[in-house]
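The sequence lines fix the lettering, A, B, ..., with proteins before strands; numbering per chain opens at 1.
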Protein chains: 2
Amino acid sequence: MLDDRKKKVLQAIVEEYINTAEPVSSNALTTNHGLDCSSATIRNEMAELEKNGYLDKTHTSSGRVPSEKGYRYYVDELLNDKDISLEEIKYISSKLETKVNEIEDLTKITANTISEVTHYTAVSIGPKTANQIIEDIKFVLLGSRMMMAVILTDTGLVKETIIKFDEDVTQKQIETMNYMFNNKLKGQPIETIDRPLEDYLYDEMTYSVNVIKPVIEQLKKVIKEDENIYLEGANKSFDLPEFNSLEVAKNFVNILDTKEVVADMLNSGFAEDINVYIGDENKQDELKDFSVVTFKHKVNGKDLGTIGIIGPKRMDYSKVISVMKYINKKLKEL
Amino acid sequence: MLDDRKKKVLQAIVEEYINTAEPVSSNALTTNHGLDCSSATIRNEMAELEKNGYLDKTHTSSGRVPSEKGYRYYVDELLNDKDISLEEIKYISSKLETKVNEIEDLTKITANTISEVTHYTAVSIGPKTANQIIEDIKFVLLGSRMMMAVILTDTGLVKETIIKFDEDVTQKQIETMNYMFNNKLKGQPIETIDRPLEDYLYDEMTYSVNVIKPVIEQLKKVIKEDENIYLEGANKSFDLPEFNSLEVAKNFVNILDTKEVVADMLNSGFAEDINVYIGDENKQDELKDFSVVTFKHKVNGKDLGTIGIIGPKRMDYSKVISVMKYINKKLKEL
DNA sequence: TTTTAGCACTCTTTACTATTGTTTGCTAAC
DNA sequence: GTTAGCAAACAATAGTAAAGAGTGCTAAAA
């Protein structure tokens, strides 16, 4: 357990480092941090904090830099909600209040807003459909060999997909299928569109398997591939001093370019709403040198998409988390 | 007009520079370029090519680098179609033959393929819908205050959008609207969904304007916002030596982050199929230090999307163009 | 016992210099 | 018209010295 002054020193170092990106010297803390003691005393505290693993040094005679343990302690114990300015509040409100027809657009707008306000890069992923409840399925014939399937879920999510057939299909056939699918699926979670449905339909349907098969295949495909990743403000990261290192910049672009990593990163949160991963805490090797804060957008416990902020370990956690909390509150009001 | 040997020298310099990214010395050209003369002779030729603006020097005693005029001459006059390897042909074929249900997916796959084969960053944009002919419009009621509109065009493009109402809507109303819209729009280009339609519908429809208005508004919005940009292989560019310059890297990320620039870039081609923009030839200031090759995917003169390769001015134009030509042929076969 | 001033020591950063190597342009010979 | 040879220009590299920032330790002060 850290005593009061050590906490203050740690907090001061973390915040100073977040602001300046330069190793923090004992001298720098004697002013403007409410620490009423000399640099020598602070040096002693720093030495001990380092011994306990909260701080790192880049070389023997350099200032201190927070270690991952230091950041973690800061996030868990020392974080105070940052005030959001009036302009920011106005900006956020106006953005979130734009009328959207599709939930995924709302997630994108939210990602966009968070990125704009925090000045970090944001990514988002669409809702996980699997456990949403099917409210309605509609099949629409387009021409004679193409159909669109539209699934409406309890959270208002609309998922549509196109299905092509190898033979002509009649309006009658579409209607029968529509009836049967609805009959079987209405009120069921989307993931039901897997095994059991298939057997049932093959048994019941009297006409060509050529018609039902592509429908089932495509629907199965669609419910699995909910990896609709959206990226916002990649360039913002490039203004940060850590991106002067080509290696960092390259790794970053590589991460954003690898959808699997981004999807993994967004889907791997335990907490209900906000998750913070600092450096090595990330499950993805590629992210070991970055920090990630994710925010799950939910309504009635149902996933409506997840937004993630990715930046240097020296991230302004306080700002990011405050903004997310505020946005969460705003979204709940809608 | 350049004499034969000058052409050879220019071509050799361009190709050598494309390969090595290092200024090309007179010595480097004496071997392996079919130039049967000494370095001194080549130096004379180089001096003259420079005087005529085809070559640049980075400093008094450096090798030569092609100028933009040099690249342009190379692209226009000296380009020879590069062979595509058997593996590449196989790869391209297998990628393009994957069954897709939506045209935009095909464009994405094509962009992806070009990026993989050329090792450059690719972007793509969906089809311009405006001049496509409406074949069918279907309205589907989802719940009581939401509707999906599906537009099918003559090129097989399916465009769908969700429309929300402020009051309950009946199936009957949907059907009436569907009939009227089809009546007015079938066989017309999509852009018809603007002024004239509106007047007609307001006149004819007997029931609430609250129902028709959102439909028209949303449809108008959809046909205008066909800026569905897709990015592939951003990280590939970062392996190129020019991206060791932080400024270049940053500019590049900025470009890819600015959808308007990318959209502009993809939409600004005069030629029927393949357009090449070298450095300053780009209409967008941000692209002055890059080269862009775009490829329009068309069927029966109708736009199905455009794919662009963006890379350094020292781009392997020959490879890129050859691959695009081959893919174009392949696409036509489908 | 805790805090602080003072100072030696460590290490980075910057500027400067010398050296090496590459490539050109020019001249004169072929 | 072509080429060999050579001086000059310049980049790149390595090495050195000086300056600056910051720590850790010691001993004195509180």
Interface with DNA chain D, restricted to residues 36-54 of chain B and to heavy atoms under 4.0 Å: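 Those residues are B:C37, B:S38, B:A40, B:T41, B:R43, B:N44.
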query: Going by number, which of residues 15-27 of chain B have a non-hydrogen atom under 4.0 Å from DNA chain D?
result: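 Those residues: none at all.
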query: When rounded to the nearest 0.5 angstrom, what distance separates NZ in A:K250 from OG in B:S237?
result: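 OG of B:S237 is found 11.0 Å from NZ of A:K250.
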query: A:Y317: what forms a side-chain hydrogen bond (donor to acceptor under 3.5 Å, both in side chains) with it, not counting sequence neighbours?
result: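 A:Y317 satisfies side-chain hydrogen bond (donor to acceptor under 3.5 Å, both in side chains) with A:S291 only.
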task: With sequence neighbours excluded, tell me which residues meet side chain to side chain contact (heavy atoms under 4.5 Å, CB included) with A:S318.
output: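 Testing A:S318 for side chain to side chain contact (heavy atoms under 4.5 Å, CB included), a comparison that skips the adjacent residues, returns A:Y74, A:L79, A:N80, A:K82, A:D316, A:S322.
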query: Sequence neighbours excluded, which residues qualify as side chain to side chain contact (heavy atoms under 4.5 Å, CB included) partners of B:A263?
result: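 With neighbours one apart ignored, the set is B:I125, B:E227, B:I229, B:N267.
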Grab the N/O contacts between the protein and nucleotides 9-11 of chain D below 3.5 Å, and write none if there aren't any.
{"residue": "D:dA9", "atom": "O3'", "partner": "B:T60", "partner atom": "OG1", "Å": "2.7"}
{"residue": "D:dA9", "atom": "N3", "partner": "B:S61", "partner atom": "OG", "Å": "3.0"}
{"residue": "D:dC10", "atom": "OP1", "partner": "B:T60", "partner atom": "OG1", "Å": "2.9"}
{"residue": "D:dC10", "atom": "O5'", "partner": "B:T60", "partner atom": "OG1", "Å": "3.3"}

message: Taking salt bridge (charged side-chain N to carboxylate O under 4.0 Å, His left out) as the cut-off, I'd like each qualifying pair that reaches into residues 255-277 of chain A, sequence neighbours left out, listed once.
response: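 Sorted result for residues 255-277 of chain A: A:E272-A:K298.
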message: Under the side chain to side chain donor-acceptor pair (under 3.5 Å) definition, can you give me all pairs with a residue in residues 1-14 of chain B, not counting sequence neighbours?
response: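 Found B:D3-B:K6, B:R5-B:E45, B:K6-B:E45, B:Q11-B:E15.
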- request: Hey, could you give me each pair passing side chain to side chain donor-acceptor pair (under 3.5 Å) that has a residue in residues 276-289 of chain B? Not counting sequence neighbours.
  value: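 Matches after skipping sequence neighbours: B:R72-B:E281.
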Please produce a list of atom pairs where a protein N or O lies less than 3.5 Å from an N or O of nucleotides 15-19 of chain D.
none

task: Please identify each residue that fulfils ring pair (Phe, Tyr, Trp, His ring centres under 6.0 Å) with A:F238, with sequence neighbours left out.
output: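 For A:F238, the residues satisfying ring pair (Phe, Tyr, Trp, His ring centres under 6.0 Å) (neighbours in sequence not counted) are A:F243.
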query: Shortest non-hydrogen contact from B:A21 to B:P241?
result: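 Reported closest heavy-atom pair: CB-CG, 3.6 Å.
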query: Hey, does the side chain of A:K57 come within less than 4.0 Å of C:dT12's phosphate (OP1/OP2), counting only N and O?
result: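 No, outside the criterion.
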task: Send over the distance from A:L55 CG to D:dG22 P, rounded to a whole Å.
output: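 To the nearest whole Å, that distance equals 15 Å.
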- prompt: A:L29 has an atom CG; how far is it from atom P of C:dT3, in whole Å?
  reply: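 One finds 16 Å between P of C:dT3 and CG of A:L29, rounded.
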task: Given side-chain contact (heavy atoms from CB on, under 4.5 Å), test B:Y71 with B:K313 step by step and report yes or no.
output: CA-CA 8 Å; B:Y71 284 123; B:K313 287 193 276 187; 3.9 Å; yes
For A:K319, all residues meeting salt bridge (charged side-chain N to carboxylate O under 4.0 Å, His left out), sequence neighbours excluded: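 For A:K319, the residues satisfying salt bridge (charged side-chain N to carboxylate O under 4.0 Å, His left out) (neighbours in sequence not counted) are A:E88.
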Test item: A:V123 and A:Y230 side chains (from C-beta on) under 4.5 Å apart, heavy atoms: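 Not in contact.
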- prompt: Of the options A:R43, A:K69, A:R64, which is the one that meets A:E50 in a salt bridge (Lys or Arg N to Asp or Glu O under 4.0 Å)?
  reply: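 Filter result, single survivor: A:R64.
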